[in-house]
Amino acid sequence: MGSGDAKMSGGERRPRELPVFAAEELLVRECARHGTVIVVGETGSGKSTQIPQFLMERRTFGGRVAVTQPRRVAAVSLAKRVAWERRTKVGGLVGYNVRFDDCTGKKTRLRYLTDGMLLREAMLDSTLKRYSVVLLDEAHERSLSTDLLFGVVKRAQQERRATNMPLRVVVMSATLDVQLFMRYFSSSDKTGDAFDEPVAVHIRGRQFPVELRYATESQQDYLDAAIVTVLQVHLSERENKGDVLVFLTGQEEIESCAELLEEKAQLLPPNALKLQVCPLFAALPAHKQLAVFAPAPPGSRKVVLATNIAETSITISGVRFVVDTGMVKAKSYAASTGLELLRVGPISQEQAWQRAGRAGREGPGKCFRLYREQDFLKLRQRSVPEIKRVELSQVVLQLLTMGVRQVDKFPFIEAPPTDALRQAVFQLVALGAVSVPSRHASAAKKSDGGDAPQGPELTELGRRMAALPLEPMHAKFLIESERFGCTEEALTIAAMLSVESPLFTPRNARREANSAHRRYLSFEADHLTLLNVFGAFLEAKADAKWCQANFLKFSTLHKARKVRQQLVGMLSTVLETSALGSAKADSTPILQCLVSSFSLRIAQRLPPDGKPGVRYKTFAESLETRIHPSSGLARRDPPPEWVVYNELVMTSKKYLKGVAAIDQKWLVQFAPALFQAQAQAQARGGKTGGEALAAGPKRKPKENDAAQAARVDVRLTPFHPPLNEF
DNA sequence: GAGCACTGC
């Protein structure tokens, strides 16, 4: 027994009245018999704190217990809570492990971690052999990492099946996904062994009743309807002083709604409760988010206008009324165009229940749905899981690292679109992270009696890229920086690109913000702007007040600094040398390094054709885009001919963000896999520029191409993605 | 000359 257990003599502080204790014996028995147990525990059941302890206490399960959470704060606070209950220190018997913060020790047997962290562990040890039990908590949220972990634990279970340390899996979920999970873990070959069949256990929760009200007719304008509803609730519920939580879709909407509500609040009768309006969204600086947690002053009622951050990430006490617009802003990805979209759409039924539940945390509540019941019934039952909505190159890189070569055969609980997988493999091949053995070669191997699996293979570069907690292109940029002698700068740029923009431009102080930002602005590359901002931040000793005065987001810069530190610590395993090169005042190596790593994100200016604005055509997707007005290059005159960009986003238009001007010569020099000098092509009796351009992937000749080709002496080499090879 | 939901390594 460790010293942690000895301290238990002081008496533990576990809340024995929680419903989960009634199920302790049943749970432990089922975990002993079955390899997989699905626990359906409603909110307030105590499942996340108690079930891991039940399992850790039973020596029959041996070894260590891992509990995953989709969010850092949850992992940390659960570990602290459990340690407190057991009167031990965090980092002893009970610990947590999240990015930048490992609070575990040799004695730790119960480890709370983020799902992303366990996935990192799986990349080093795909059977997770240090654990005897893995609990996937909040599984219904279907985060990208949890979804991948489903496949990881299923494979690990199969591999460890016959050993003396089988892997036990507990899936904890709050809703109706039991059938999906049960089917998924059911063994395909019926062994007759109970261990191979999953079992479900239900645990009651502690949730107060929530009365539902639906709109009687469908609303033209949900914003207007939300404001009217808030005022109605406020005036009709005089005796109930509970706060109101309104679900909206985004910052703009929340800010304008807040203004309108405040205006209306002025017109309330003098004897009525006052209204205190609190906006809440992730981009709101931390000190402004605090207002949400303070209780409303006497004689007033709080109205929180929130994004879906209030669905799961932030719990606000005092809420008794929920107003649900039925709308949400969410990301989607179309592999065919390579375009990620952020758009407003209807929520799912499950999300509607989640929102309603927020009214019944502390007492009976009411939920006002601003849509009709028949419209609710038409909503999709479940939200589309993240894995089906995002670009997958990082996921594929992770799968390959875990030894999954046929990524389309991976046991996904729900498979992503095949196109998205192909697109991801294509991108990794183009980056040089992955090589695809030709069919001929793999067939020859087979006939030799070799049993090498088919599918793409990680290259040395790919292995290094996978080790970094960055998206593949940023990882390549950092690795390549060694050869360009600009690693110091690349570290900062990679860290800054992996956090949100640090420039803070509030609506009511746009001019001041813009003029404050001007001193950092580069007209050559937004990457250099980021370097300038980060440099100034360090010079100001990373001071929060300084950030505020200069319209910069402290939390973002602080995080970028942590990321940079983490990357520095990882460099020795990823680079050849330990001495970090610096480009000093010369931007050229940085820009050349960008060309060499972002060769799939290059765009060329289109000739003016009367339409307003300067437009660019992306080379990889052949899309017509513009430089985003927030870029330093948007106002440059003349606009650059060639640019490399970090991101292609679709908002009101298609925009390039994170843009840098580059020299055309560099394309041939540093991205030869995609660009070849026409001179070379012609020397081999190649095509003219125009024909060559038209020969690119997914490219049809257009009128513009001829005009464009006349000015271009770079040719896109036909580049065939290994579409059927993985 | 425009607005980006939310997580995570």
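Just so it is clear: chains get the letters A, B, ... in the order the sequence lines come, proteins before strands, and each one is counted from 1.
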Under 4.0 angstrom between Lys331(A) side-chain N/O and dC4(B) OP1 or OP2: no
Partners passing side chain to side chain contact (heavy atoms under 4.5 Å, CB included) against Pro279(A) (at least two apart in sequence or in another chain): Ile254(A), Phe281(A)
Touch class at under 4.0 angstrom, heavy-atom based, for Val98(A) against every strand present: sugar-phosphate
Phe376(A) six-ring centre to Arg369(A) NZ/CZ under 6.0 Å and within 45° of normal: yes
Nucleotide dT7(B), atom P - distance to CD of Glu391(A) in whole Å: 21 Å
Whole-Å distance separating the CE atom of Met570(A) from the C1' atom of dC9(B): 8 Å
Sugar-phosphate only, base, or nothing, as touched by Arg142(A) at under 4.0 Å among non-hydrogen atoms: nothing
Under-4.0 Å side-chain N/O to phosphate OP1/OP2 contact, Thr312(A) with dC6(B): no
Sugar-phosphate, base or nothing in reach of Arg99(A), heavy atoms under 4.0 Å: base
ring-ring contact (aromatic ring centres under 6.0 Å, His included) against Tyr131(A), all qualifying residues, sequence neighbours excluded: none
Between Arg380(A) and Gln349(A), a side-chain donor and acceptor under 3.5 Å: no
For atom CZ of Arg510(A) and atom P of dA2(B), their distance in whole Å: 10 Å
Atom-pair distance (CD1 on Ile254(A); C1' on dC4(B)), nearest Å: 12 Å
Side chain to side chain donor-acceptor pair (under 3.5 Å) partners for Asn646(A), two or more places apart: His474(A)
Atom pair distance, as rounded to whole Å: CD in Gln351(A) and C1' in dT7(B): 14 Å
Nearest to side-chain heavy atoms of Pro469(A), which nucleotide of dA5(B), dA2(B), dC9(B): dC9(B)
Any side-chain donor near an acceptor of the partner, Thr315(A) and Arg358(A), under 3.5 Å: yes
Gap between atoms NZ and C1', on Lys653(A) and dC4(B) respectively (whole Å): 16 Å
Interatomic distance where CD belongs to Gln566(A) and C1' belongs to dC9(B) [whole Å]: 7 Å
Nucleotide nearest Ser313(A) (side chain, heavy atoms from C-beta), chosen from dA5(B), dT7(B), dA2(B): dT7(B)
Nearest listed nucleotide, side chain of Lys657(A), among dC9(B), dC4(B), dT7(B): dC4(B)
Sugar-phosphate only, base, or nothing, as touched by Ile309(A) at under 4.0 Å among non-hydrogen atoms: sugar-phosphate
Test side chain to side chain contact (heavy atoms under 4.5 Å, CB included) applied to Arg518(A) - qualifying residues, sequence neighbours left out: Asn514(A), Ser515(A)
Separation of dC9(B) C1' from Gln69(A) CD (nearest whole Å): 16 Å
For Ser126(A), all residues meeting side chain to side chain contact (heavy atoms under 4.5 Å, CB included), sequence neighbours excluded: Met402(A)
Sugar-phosphate only, base, or nothing, as touched by Ala282(A) at under 4.0 Å among non-hydrogen atoms: sugar-phosphate
Residue-phosphate contact under 4.0 Å: Arg72(A) side-chain N/O, dC9(B) OP1/OP2: yes
Strand contacts (DNA chain B) in residues 110-129 of chain A, 4.0 angstrom heavy-atom criterion: Thr114(A), Gly116(A), Met117(A), Arg120(A)
